[in-house]
Amino acid sequence: MKTIKIIAIALSCFGIVQAQQSEVNFNTTSGLKMETEYASDIEEISDLLSFEGIDYMKLKFSGEQLKGKSYKLSVKEIWDGKIVSDTTIINSKTIGYKQFETLSDTVFKMKVISKRTNDNQLKMTFKFPRFSITKKYDAIDSDNYSLRNLVDESNLEIGYDKSFYLLAYILPYEREDGSLSWCDVGTSGDKVEEWGSKFGIKHYLLFEMKFE
């Protein structure tokens with residue numbers, strides 16, 4: 001019976017991300033909006049992504065002030081409730097190619113593809129217009145990692161000229177009855193750096209975005 005409970009909770013939470021959908025975030029005072037598409041609207045591809053443990057997410061930012069802005073994506077690695085590193089994935093201002101330093105449009109699109117590999121690494125590819133970056137991060141031996149959209153799940157505010165939390169790659173919260181829940185974590189609000197101690201999560205990644 002406990003196994004059935006675990007599966008049911010996992011499915012109810014993952015049901016949000018396995019079917020393609022598009023959402024616009026309105027928690028902004030700056031006019032910046034974000035749309036998200038999860039997995040694929042082709043059932044067979046969605047099934048394969050799920051079977052292989054691959055998270056696939058498309059993000060689209062739009063706003064009149066985006067044009068001319070640079071963008072920066074960084075990641076915090078948190079182990080046992082402590083931030084052990086804070087590194088930059090991409091900073092368009094220092095990329096070395098002038099045509100990529102700032103955005104030339106009022107729309108910015110990116111894709112994120114991720115999975116845990118057999119050697120206990122979280123492999124992530126960030127696909128930007130005309131180039132991509134692949135990173136690997138240490139992980140624990142668990143198939144329960146899930147890439148979450150914090151802006152959607154925790155209704156976080158997005159805007160210009162300051163960093164905002166965008167994504168998290170998390171392990172689930174184990175409830176007293178042994179069931180696992182990702183939603184309990186992802187929807188718990190803006191104190192995302194405290195998830196490790198609050199939910200007893202061994203390890204997770206936090207991704208911050210900034211347009212300036």
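Taking the side chain to side chain contact (heavy atoms under 4.5 Å, CB included) definition, one finds that Asp119 meets it with Thr117, Gln121, sequence neighbours left out. Scored by the side-chain hydrogen bond (donor to acceptor under 3.5 Å, both in side chains) test, Asp47 finds no partners at all (sequence neighbours excluded).
In this structure, CH2 in Trp79 is found 7.0 Å from CD1 in Ile140, a value given to the nearest 0.5 Å. Here Leu59 contributes atom CG and Lys127 contributes atom NZ; the two are 14.0 Å apart, rounded to the nearest 0.5 Å. Atoms CG and NZ, from Asn91 and Lys210 in turn, are 9.0 Å apart once rounded to the nearest 0.5 Å. Note: Met34 CE to Met209 CE = 10.5 Å, rounded to the nearest 0.5 Å. To the nearest 0.5 angstrom, Asn144 atom CG is 9.5 Å from Glu174 atom CD. Atom OH of Tyr137 is separated from atom NE2 of His203 by 10.0 Å, given to the nearest 0.5 angstrom.
Two rings, from Tyr71 and Phe128, have their centers less than 6.0 Å apart. Not less than 6.0 angstrom separates the ring centroid of Tyr204 from the ring centroid of Tyr145. You'll find the ring centres of Tyr165 and Phe207 outside the 6.0 Å limit.
Atom CD of Glu64 has 12 or fewer heavy atoms from other residues, nucleotides or ligands within 6.0 Å. Around atom NZ of Lys115, more than 12 heavy atoms belonging to other residues, nucleotides or ligands sit under 6.0 Å away.
Heavy atoms only, all atoms of each residue included: Gly159 and Phe164 are closest at O-CE2, 3.5 Å.
Under a hydrophobic clustering in which Ile, Leu, Val, Met, Phe, Trp and Tyr are joined whenever their side-chain heavy atoms come within less than 4.5 Å, directly or via other members, Ile54 and Leu48 fall into different clusters. One hydrophobic cluster, built from ILVMFWY side chains closer than 4.5 Å, holds both Ile201 and Val84. The cluster map of Ile, Leu, Val, Met, Phe, Trp and Tyr, joined by side-chain heavy atoms under 4.5 Å apart, puts Leu150 and Ile89 in the same cluster. Cluster annotation: Met57 and Phe51 are assigned to distinct hydrophobic clusters (Ile/Leu/Val/Met/Phe/Trp/Tyr, side-chain heavy-atom contacts under 4.5 Å, transitive).
Distance alone, capped at 3.5 Å, places no donor-acceptor pair between the Ser154 side chain and the Val151 backbone. Using a distance-only test at 3.5 Å, with no hydrogens or angles considered, a donor-acceptor pair links the side chain of Ser92 to the main chain of Glu101.
Remark: Glu212 engages Lys93 in a salt bridge, criterion side-chain N to carboxylate O under 4.0 Å. Remark: Asp143 engages Arg116 in a salt bridge, criterion side-chain N to carboxylate O under 4.0 Å. Ion pairing between a basic and an acidic side chain is recognised when a charged N comes within 4.0 Å of a carboxylate O; Arg148 and Glu153 show such pairing.
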Output, in order, the C-alpha distance, side-chain angles, deciding distance and verdict of side-chain contact (heavy atoms from CB on, under 4.5 Å) for Leu205 and Ile78. CA-CA 6 Å; Leu205 305 176; Ile78 299 179; over 6 Å; no
What do the steps show when you test Thr125 against Thr134 for side chain to side chain donor-acceptor pair (under 3.5 Å), and what is the final call? CA-CA 4 Å; Thr125 294; Thr134 296; 2.9 Å; yes
Arg130 vs Gln99, test: side-chain contact (heavy atoms from CB on, under 4.5 Å). Steps then yes/no. CA-CA 11 Å; Arg130 295 193 286 176; Gln99 66 268 36; 4.1 Å; yes
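Using a 30° and 60° split on the angle between ring planes, Phe211 and Phe61 fall in the perpendicular class, above 60°.
Within the structure, every pair that satisfies the salt bridge (Lys or Arg N to Asp or Glu O under 4.0 Å) test and touches residues 76-90, not counting sequence neighbours, is listed here: Lys76-Glu193, Lys76-Glu208, Asp80-Lys202.
Evaluated for a side chain to side chain contact (heavy atoms under 4.5 Å, CB included) with Met124, the options Leu147, Asp55, Leu167 yield exactly one hit, Leu147.
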